[in-house]
*Asks:* 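Have a look at this one before I ask anything.
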Amino acid sequence: MAKSLEQIVIEGQAAECRSLEELFVLWQTMQHTEDGGGSADCYEEIDRRSFHIDGVMKPEAFSGVLYILREPSLKRYIQKGLTFPVITDVRREFFKYRKGYRDECGYLAGMQRILLGGQAEGMTAAQVMETLGVLYVNKRGGRESSDPVWLNYGYEYIEFIKQQIYLIQPKVIVCGGEDVFRLIVKEVFSNKKRVRGRGEHMVWKDMVKDYQFTADAGYRHTDDPDRTAVVVVNMWNPAYRVNKEQYLSPEEYLKEFERRSGNLSSFIRK
C-alpha cells in the first residue's frame, strides 16, 4: 500500500518517540490516516481503527524477556457481529491468568518459568506473568486464521514495531513462530550490508545457531558472548499443530522450548 505524505511524516516521527504512550498515540493516528482501500493488512470484519495496547506487564518486575506473537484474537467480537473499533489493553488478559493452557497465556507462563529458573520457585502464576512483556505484531487484531494479514500489517508498521522494541529494551526476545522470528531478525536488527554496485542486501545465512540469533547493544549481529546484549529465540507458535491436524501438547511444547532456550536463565540474571 502506497503511503501518503502525511503517513510518511508520521512514520518518521516514530523513531523520535521517547515513551510507549507517545508511540501508541502516533501509531493509532497512523491507522486513522489509512484510506481503507484494501484488506491486505486488515480483515473486513475488523474496524481499521481497532488497536490493542501491549508491552511490559509490570515495569518494576520486568525480567527483560519479551514475547512477540502474531495478533490478539477478535474472534469472539466477530462472532457477535460487532463492527465498532476495539480499543483495549491486552495486558489485562494476561494479568487474569491463573493456570492451565486454554490460550497462549499458559504457554507464555510456562516458558517464563523455564527462563526464570530458580527465581520462579515459590512464585504464583500471576507473579510469573508480571515479569514478562508481550508484543503483538498486528495491533488491530485477527480472527485466528492462517493467512498473511498479520504479516502484511507487520511490514506496513515495522518502524513502529522497531521503536516499541527499542523502548522496551529486552534482553531476550521469544518469537512465537518461524515467520515472526524472520520478520523481527531481518527487519529490526541491523543485518544489511552494502555491496558495490548492488545496493544494500540482507545478511541472514549462518547468523542463526541452534534457533538463536544474538546481537550487541546496537542491535547488530555478534557471535561474541561478551558483546551479546540481546538474544532472539525462534520458537513455535503457541497454536502449533503436528501435520496440520493435531495440536502439540503443552508438555511437548515446553520441552522443546527448554531445549531451544538453552542456558538463557544465567544470561537473564546478568
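Just so we're clear, the structure is a prediction, and the values are computed from it rather than from any experiment.
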*Asks:* Check whether the side chains of N234 and E178 place a donor and an acceptor atom closer than 3.5 Å, and report yes or no.
*Replies:* yes

*Asks:* Verify whether one side chain among E104 and Y67 offers a donor that lies under 3.5 Å from an acceptor in the other.
*Replies:* no

*Asks:* Would you say E6 and T33 are linked by a side-chain donor-acceptor pair, where the criterion is simply a distance under 3.5 Å?
*Replies:* no

*Asks:* Can you tell me if CD on E258 sees more than 12 non-hydrogen neighbours from other groups inside 6.0 Å?
*Replies:* no

*Asks:* Does E187 come within less than 4.0 Å of K162, counting only side-chain N to carboxylate O?
*Replies:* no

*Asks:* Within 45° of the six-membered ring axis of Y43 and under 6.0 Å from that ring's centre, is NZ or CZ of R143 located there?
*Replies:* no

*Asks:* May I ask you to say whether R113 pairs ionically with E121, meaning some side-chain N is under 4.0 Å from a carboxylate O?
*Replies:* no

*Asks:* Between E93 and K96, does any NZ, NE, NH1 or NH2 come within less than 4.0 Å of an OD or OE carboxylate oxygen?
*Replies:* yes

*Asks:* Under a 3.5 Å cutoff, is there a donor and acceptor pairing between the side chains of K139 and Q164?
*Replies:* yes

*Asks:* In plain terms, say whether K3 and E11 are close enough for a salt bridge, that is, a side-chain N and a carboxylate O under 4.0 Å apart.
*Replies:* yes

*Asks:* Can you confirm if the aromatic rings of F189 and H221 lie within a centre distance of less than 6.0 Å?
*Replies:* no

*Asks:* Does a salt bridge link E256 with R260, judged by any charged N lying under 4.0 Å from a carboxylate O?
*Replies:* yes

*Asks:* Can you establish whether the number of heavy atoms outside D210 located under 6.0 Å from its atom CG is more than 12?
*Replies:* no

*Asks:* Check whether the side chains of T131 and Q119 place a donor and an acceptor atom closer than 3.5 Å, and report yes or no.
*Replies:* no

*Asks:* Could you check, using the six-membered ring where one of them is a Trp, whether Y153 and Y157 have ring centers closer than 6.0 angstrom?
*Replies:* yes

